[in-house]
Amino acid sequence: SLEMVYMRLSEQEVLTCLRCLPGWVYNSTIPAIEKEFVFDSFLNAIQFISKASHFIDLLNHHPEWKNVYNKVQVVLYTHDIQGISTLDIQLAHYLESVYRTL
């Protein structure tokens with residue numbers, strides 16, 4: 001696994017980062033960032049999960065996600081700090097890049 005260095009982000013920093021992540025929303029209750037990805041089919045939704053999983057495991061930073069038919073709901077936060085870190089933002093950008101290639 002990769003040794004990742006990350007820092008906790010303030011609410012304002014998170015909101016600034018989300019400007020570059022279309023469709024992602026800030027959930028202040030958890031706190032977390034969330035997005036629902038929509039695909040053409042169930043198979044594409046599963047391919048998205050499968051394609052992203054190797055890098056996610058290397059990061060050792062696992063999202064909460066739920067798949068229902070052609071949708072994948074993703075929730076990201078950093079358990080160790082009970083908040084959102086730079087690692088969550090990096091993972092959101094990575095998921096966006098995987099989504100664009102499907």
Side-chain angles (χ1 to χ4, degrees):
S1 82
L2 303 170
E3 189 57 46
M4 297 306 296
V5 176
Y6 57 87
M7 35 180 253
R8 184 189 184 107
L9 298 173
S10 69
E11 182 172 340
Q12 193 51 57
E13 288 170 323
V14 171
L15 294 172
T16 300
C17 290
L18 289 186
R19 290 187 201 142
C20 298
L21 289 163
W24 286 85
V25 295
Y26 175 63
N27 179 335
S28 58
T29 313
I30 298 176
I33 56 173
E34 306 175 344
K35 181 172 180 173
E36 181 177 82
F37 291 91
V38 181
F39 300 87
D40 293 338
S41 65
F42 170 73
L43 190 59
N44 283 352
I46 295 304
Q47 284 175 332
F48 171 73
I49 291 171
S50 177
K51 197 168 178 185
S53 62
H54 180 69
F55 181 68
I56 286 169
D57 212 41
L58 281 176
L59 277 184
N60 195 28
H61 189 61
H62 303 89
E64 283 187 20
W65 50 20
K66 181 172 85 170
N67 163 245
V68 178
Y69 179 54
N70 68 331
K71 297 182 175 88
V72 178
Q73 293 173 318
V74 180
V75 179
L76 299 178
Y77 62 95
T78 304
H79 295 266
D80 318 8
I81 61 166
Q82 300 294 298
I84 301 166
S85 75
T86 49
L87 203 48
D88 298 304
I89 301 300
Q90 288 172 323
L91 187 47
H93 279 287
Y94 174 71
L95 292 173
E96 286 296 321
S97 70
V98 172
Y99 183 64
R100 285 193 300 270
T101 65
L102 290 175

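Bear in mind the structure is a predicted one, so any value in this text is a computation, not a measurement. Just so you know, these numbers use all the heavy atoms, side chains as well, and skip hydrogens, waters and symmetry mates.
- With rounding to the nearest 0.5 angstrom, the CG atom of Asp88 is 11.5 Å from the CD atom of Glu34.
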Query - Verdict with supporting geometry, His93 and Cys20, side chain to side chain contact (heavy atoms under 4.5 Å, CB included) - result: CA-CA 9 Å; His93 279 287; Cys20 298; 4.1 Å; yes
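- Under the 30°/60° scheme for interplanar angles, the aromatic rings of Phe48 and Tyr99 are found to stand perpendicular.
- Atoms CD1 and NZ, from Ile56 and Lys51 in turn, are 13.0 Å apart once rounded to the nearest 0.5 Å.
- Note that CD1 of Ile89 is 9.5 Å distant from CD of Glu13, once rounded to the nearest 0.5 Å.
- No side-chain heavy atom of Trp65 sits under 4.5 Å from any side-chain heavy atom of Gln73.
- Atom CD of Glu11 and atom OG of Ser28 lie 6.0 Å apart (nearest 0.5 Å).
- Cluster annotation: Ile46 and Val68 are assigned to distinct hydrophobic clusters (Ile/Leu/Val/Met/Phe/Trp/Tyr, side-chain heavy-atom contacts under 4.5 Å, transitive).
- The CZ atom of Phe37 sits 10.5 Å away from the CG atom of Leu102 when rounded to the nearest 0.5 Å.
- Connection of Val38 to Val25 is not established within any shared hydrophobic cluster, with ILVMFWY side chains joined at heavy-atom distances below 4.5 Å, either directly or through further cluster members.
- Both Ile81 and Val14 are assigned to one and the same hydrophobic cluster, defined by single-linkage of ILVMFWY side chains at heavy-atom distances under 4.5 Å.
- With Leu95 as the partner, the side-chain contact (heavy atoms from CB on, under 4.5 Å) test is satisfied by one option alone out of Val72, Ile49, Val74: Val74.
- No hydrogens or angles considered: nothing links the side chains of Asn70 and Ser41 as a donor-acceptor pair under 3.5 Å.
- With sequence neighbours excluded, the residues forming a side chain to side chain contact (heavy atoms under 4.5 Å, CB included) with Ala92 are Leu21, Trp24, Ile33, Leu76, listed by chain and number.
- The backbone N or O of Ile84 sits nowhere less than 3.5 Å from a side-chain atom of Arg8 that would complete a donor-acceptor pair.
- Residues Pro31 and Gln82 are not in side-chain contact: their nearest non-hydrogen atoms beyond the backbone lie 4.5 Å or more apart.
- Connectivity analysis of hydrophobic side chains (ILVMFWY, heavy atoms under 4.5 Å, direct or indirect) links Val75 to Ile30, Tyr77.
- Legend: salt bridge (Lys or Arg N to Asp or Glu O under 4.0 Å) pairs involving residues 16-28, not counting sequence neighbours: none detected.
- Residue pairs meeting the salt bridge (Lys or Arg N to Asp or Glu O under 4.0 Å) criterion with at least one member in residues 64-85: none, sequence neighbours excluded.
- Ser97 meets the side chain to side chain contact (heavy atoms under 4.5 Å, CB included) test with Tyr94, Arg100; sequence neighbours excluded.
- When the salt bridge (Lys or Arg N to Asp or Glu O under 4.0 Å) test is applied to Glu96, the partners found at least two apart in sequence or on another chain are Lys35.
- Both Leu9 and Leu15 belong to a common hydrophobic cluster when Ile, Leu, Val, Met, Phe, Trp and Tyr are linked at side-chain heavy-atom distances under 4.5 angstrom.
- Rounding to the nearest 0.5 Å places OG of Ser50 at 12.0 Å from CG of Asn44.
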